[in-house]
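Counting from 1, the numbers follow the sequence of the chain as shown.
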Amino acid sequence: MENVDIDTLKALYESLVVDGEVSKSRGDYEERMGLTQTPITSFNVHTFPILHALLRGLDYCLKIIYKLNAGVTAWNEKSEQAVRVNEAKKKVREIIKEKTGMIIDRPDSVGAGGTTTTGNIARKCFFEAKNRQVLIECVPLKVRSDGECDRKVFD
């Protein structure tokens, strides 16, 4: 759905309601723009929360670091590549723990389905120079030579 202000969204909902229910039919997504119930939002939300941007950004960086260390250049790895990625993941986690004291990308001890990569950990990784340097050091030298990506690695 494109960005629509609240008044437009509520007016759209009112135009779709028949007998207290949103009338739906096959292939009418463009017409009802995904609405199936009363809009619950009372203010416009056109932003991506910074905390989630930090968390997803760190997850993405770590996934790339793991794959580079494993020598895997495909985003979706095959089973034999997954073994190498998991070994690289263990190695990188240990390096980060040893050099920063941070425990990252592990299941949390609460058991609620989260990980130890919290907002505070993401902030520490991105906003503290010594921690950023540790992440950079986890990238294999053949990839980060002179700040330029060695194209031969990816060919």
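Not a single donor-acceptor pair under 3.5 Å links the side chain of T100 to the backbone N or O of N131. Remark: side-chain polar atoms of R106 are not paired, donor with acceptor, to backbone N or O of T116 under 3.5 angstrom.
Between C138 and I96, the shortest heavy-atom distance links the atoms SG-CG1, 4.0 Å. Annotation for A88 and Y66: closest pair CB-O, 3.4 Å, computed over non-hydrogen atoms. Between L55 and G119, the closest heavy-atom pair is CD2-N, 3.7 Å. Across all their heavy atoms, F126 and R132 have their closest contact at O-NH1, 2.7 Å.
When the salt bridge (charged side-chain N to carboxylate O under 4.0 Å, His left out) test is applied to K67, the partners found at least two apart in sequence or on another chain are E77. Listed by chain and residue number, nothing satisfies the salt bridge (charged side-chain N to carboxylate O under 4.0 Å, His left out) test with R123 (two or more places apart in sequence, or in another chain). Annotation: side chain to side chain contact (heavy atoms under 4.5 Å, CB included) contacts of C125 (sequence neighbours excluded): L58, M102, I121, L135.
Under a hydrophobic clustering in which Ile, Leu, Val, Met, Phe, Trp and Tyr are joined whenever their side-chain heavy atoms come within less than 4.5 Å, directly or via other members, L54 and Y60 fall into the same cluster.
More than 12 non-hydrogen atoms from other residues, nucleotides or ligands lie less than 6.0 angstrom from CD1 of I64. In the displayed structure, K90 atom NZ is contacted under 6.0 Å by at most 12 heavy atoms of other residues, nucleotides or ligands.
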* To do: Check the pair I95 / K91 against side chain to side chain contact (heavy atoms under 4.5 Å, CB included), numbers first and verdict last.
  => CA-CA 6 Å; I95 291 169; K91 178 180 138 192; 4.2 Å; yes
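A distance of 8.0 Å separates NZ in K124 from NZ in K130, rounded to the nearest 0.5 Å. How far CD1 of I103 is from OG1 of T115: 12.0 Å, rounded to the nearest 0.5 Å.
Each of I65, N69, D105 was evaluated against K89; a single residue qualifies, D105, per the side-chain contact (heavy atoms from CB on, under 4.5 Å) test.
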